[in-house]
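Okay, so here's the structure we're looking at.
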Amino acid sequence: MPELPEVETVRRGLAPALEGAVIAKATAFRPDLRFPLPPGFAENITGKRVDSVDRRAKYLLLRIAGGMVMLSHLGMSGRYRIYKDAPPALEPHDHLELVTDSGVTIRYNDPRRFGILDLFPEEGLATHKLLASLGPEPLSNAFDGPALAAGLGDKRTAIKLAILDQRVVAGVGNIYASEALFRAGISPKRTARTVKRGRADKLAAAIRDVLNDAIAAGGSSLRDHRQTSGELGYFQHSFKVYGRGGETCPGCGTEAGIRQFVQGGRSTFYCAKCQR
DNA sequence: CTACCATCCTGGTTGC
DNA sequence: TGCAACCAGGATGGTA
């Protein structure tokens, strides 16, 4: 499911429930998701206070008092749901439950189990295998045209594939890659190394803007994504090209102008007239 | 470096 | 109605 805006939406939901709260009870209902959970995962966070709920790229990072970090990645189908009162019965694919000292229940559900849970000392943050090679945060001041162009470097791969590379820019996924390229007027097929100067400025701004717009809309709900309250996100109604193959281009009005094709095994949507 | 493929899983949709 | 094929927001690792 989740790209950066969906993860940020989840973070904003979890933060008020968890920050400053003590995890009175933690239960992991299976020993593994994509990877095995570290031994004693649930036991080691039980009784601990959560200092903050942060995000890096598509990773949620919970700072646990005592110097540990709990990492959570939602994979394709992960969801968090918060229950302020008595929670309903467990559902299929509920894999983790946290109950805070104020009686709030937080459940992680992930049918496809591509998600990740990890727990490690905060000294290991910079060198964590999953975090070490991530590129710039697209919403940070460090991300602009020159930074993007530098990340693209001499790559001869298509620009769509390049911005899906988490080392180039962290947090862009398949939906927002197509949407950002449409906003920037750049063809997804364009060779990455040719995106420089003006085009790079435009694309960096388009990435930032589309992510911010999506966050403001609570993310995009296609199948799985929900806010922690259970509410749907609604940015999917603002997609210009994603999922709109065969439709009229909203940019130039060309009938059936939105085309769909496969890049790197994943669907890309674009308008050949608006995007060069 | 690049392209391409398979892999980890389940579930919803599509097409016969 | 049934069933199989296909597709899905991610990411890694292997091969050529």
Side-chain angles (χ1 to χ4, degrees), chain A residues 1-11 29-37 55-60 71-80 91-95 108-118 128-135 138 151-181 188-194 207 210-211 213-215 217-227 232-239 241-246 260-269:
Chain A
M1 107 189 190
E3 305 185 30
L4 186 152
E6 289 73 38
V7 178
E8 177 62 20
T9 298
V10 170
R11 188 197 70 76
F29 297 106
R30 54 176 300 134
D32 61 336
L33 292 173
R34 179 182 175 93
F35 302 119
L37 273 59
R55 179 189 56 73
R56 169 76 170 112
K58 301 172 193 173
Y59 296 91
L60 292 168
L71 174 151
S72 171
H73 189 288
L74 279 48
M76 292 280 263
S77 58
R79 290 185 199 177
Y80 278 92
E91 291 174 30
H93 314 301
D94 280 343
H95 303 312
Y108 177 69
N109 181 285
D110 185 359
R112 293 177 73 179
R113 305 205 302 272
F114 287 179
I116 297 165
L117 290 171
D118 196 9
H128 193 285
K129 189 167 184 277
L130 298 168
L131 305 175
S133 56
L134 290 172
L152 296 174
D154 205 28
K155 281 180 184 294
R156 286 152 206 262
T157 191
I159 186 65
K160 158 88 177 331
L161 296 174
I163 60 175
L164 284 177
D165 185 336
Q166 302 297 299
R167 295 170 297 187
V168 173
V169 52
V172 176
N174 199 42
I175 293 176
Y176 300 108
S178 280
E179 291 296 316
L181 287 164
K189 300 177 180 176
R190 172 175 282 279
T191 303
R193 64 192 295 201
T194 69
I207 290 170
V210 76
L211 296 178
D213 289 352
I215 291 168
S220 302
S221 294
L222 269 70
R223 276 162 284 276
D224 297 320
H225 172 67
R226 300 276 175 136
Q227 306 188 45
L232 296 167
Y234 51 92
F235 191 71
Q236 65 278 12
H237 303 301
S238 300
F239 292 167
V241 292
Y242 185 84
R244 299 193 180 281
Q260 173 177 8
F261 70 108
V262 174
Q263 278 180 304
R266 325 196 51 198
S267 287
T268 299
F269 299 87

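Only this structure's heavy atoms are used, side chains among them; waters, hydrogens and symmetry mates stay out. Note that the structure is predicted; figures quoted are calculated from it, not measured. Proteins come first, then strands; the chains are lettered A, B, ... in the order of their sequence lines, and each starts at number 1.
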All N/O pairs under 3.5 Å across the protein-nucleotides 13-16 of chain C interface:
residue: dG13(C); atom: OP1; partner: Lys129(A); partner atom: NZ; Å: 3.0

Set of ring pair (Phe, Tyr, Trp, His ring centres under 6.0 Å) partners for Phe261(A), sequence neighbours left out: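 Once residues adjacent in sequence are excluded, the partners of Phe261(A) under the ring pair (Phe, Tyr, Trp, His ring centres under 6.0 Å) criterion are Tyr270(A).
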Set of residues satisfying ring pair (Phe, Tyr, Trp, His ring centres under 6.0 Å) with respect to Phe114(A), sequence neighbours excluded: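 Partners of Phe114(A) under the ring pair (Phe, Tyr, Trp, His ring centres under 6.0 Å) test: none.
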With a 4.0 Å limit, can you tell me whether [X] has a side-chain N or O closer than that to the phosphate oxygens OP1/OP2 of [N]?
{"X": "Gln166(A)", "N": "dA11(C)", "answer": "yes"}
{"X": "Ser267(A)", "N": "dA8(C)", "answer": "yes"}
{"X": "Arg266(A)", "N": "dG10(C)", "answer": "yes"}

Rounded to the nearest angstrom, tell me the gap between atom [atom1] in [X] and atom [atom2] in [N].
{"X": "Asn174(A)", "N": "dG10(C)", "atom1": "CG", "atom2": "C1'", "result": "10 Å"}
{"X": "Asp110(A)", "N": "dC8(B)", "atom1": "CG", "atom2": "P", "result": "16 Å"}
{"X": "Arg30(A)", "N": "dC8(B)", "atom1": "CZ", "atom2": "P", "result": "14 Å"}
{"X": "Arg79(A)", "N": "dA8(C)", "atom1": "CZ", "atom2": "C1'", "result": "14 Å"}
{"X": "His93(A)", "N": "dC9(B)", "atom1": "NE2", "atom2": "P", "result": "13 Å"}

Residues that [X] engages under salt bridge (Lys or Arg N to Asp or Glu O under 4.0 Å), provided they are two or more places apart:
{"X": "Arg30(A)", "result": "Asp32(A)"}
{"X": "Arg244(A)", "result": "Glu247(A)"}
{"X": "Asp94(A)", "result": "none"}

Is_stacked (Phe114(A), dA11(C)) at 5.5 Å, 30 deg: no
Runs of at least three Watson-Crick or G-U pairs with DNA chain C, cut-off 3.5 Å: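 Expected stems, ordered by start: B:2-8 with C:10-16, B:10-16 with C:2-8.
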What residues form a side chain to side chain donor-acceptor pair (under 3.5 Å) with [X], not counting sequence neighbours?
{"X": "Ser238(A)", "result": "none"}
{"X": "Thr9(A)", "result": "none"}
{"X": "Arg55(A)", "result": "Glu8(A), Glu137(A)"}
{"X": "Tyr242(A)", "result": "none"}

N/O donor-acceptor pair under 3.5 Å between Ser178(A) side chain and Phe269(A) backbone: yes
From dT12(C), dA8(C), dT10(B), nucleotide with atom closest to Arg113(A) side chain: dT10(B)
Listed nucleotide nearest any side-chain atom of Tyr242(A), set dA8(C), dT10(B), dG10(C):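 Comparing dA8(C), dT10(B), dG10(C) against the side chain of Tyr242(A), the answer is dA8(C).
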Tabulated below should be each protein N or O lying under 3.5 Å from an N or O of nucleotides 1-4 of chain B; please produce it.
residue: dT2(B); atom: OP1; partner: Arg156(A); partner atom: N; Å: 2.4
residue: dA3(B); atom: OP2; partner: Thr157(A); partner atom: OG1; Å: 2.9

Rounded distance in Å between the P positions of dC5(B) and dC7(C): 14 Å
Between dT10(B) and dT1(C) - C1' atom distance, rounded Å: 23 Å
From CD1 (Ile116(A)) to CG (Asp110(A)), nearest 0.5 Å: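 Rounded to the nearest 0.5 Å, the CD1-CG separation comes out at 10.0 Å.
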Ring center gap for His95(A) and Phe29(A) short of 6.0 angstrom: no
Distance-only donor-acceptor test, Arg112(A) side-chain atoms vs dC9(B) base atoms, 3.5 Å: yes
Touch class at under 4.0 angstrom, heavy-atom based, for Tyr176(A) against every strand present: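 The answer is nothing, as Tyr176(A) stays clear of every strand by at least 4.0 Å.
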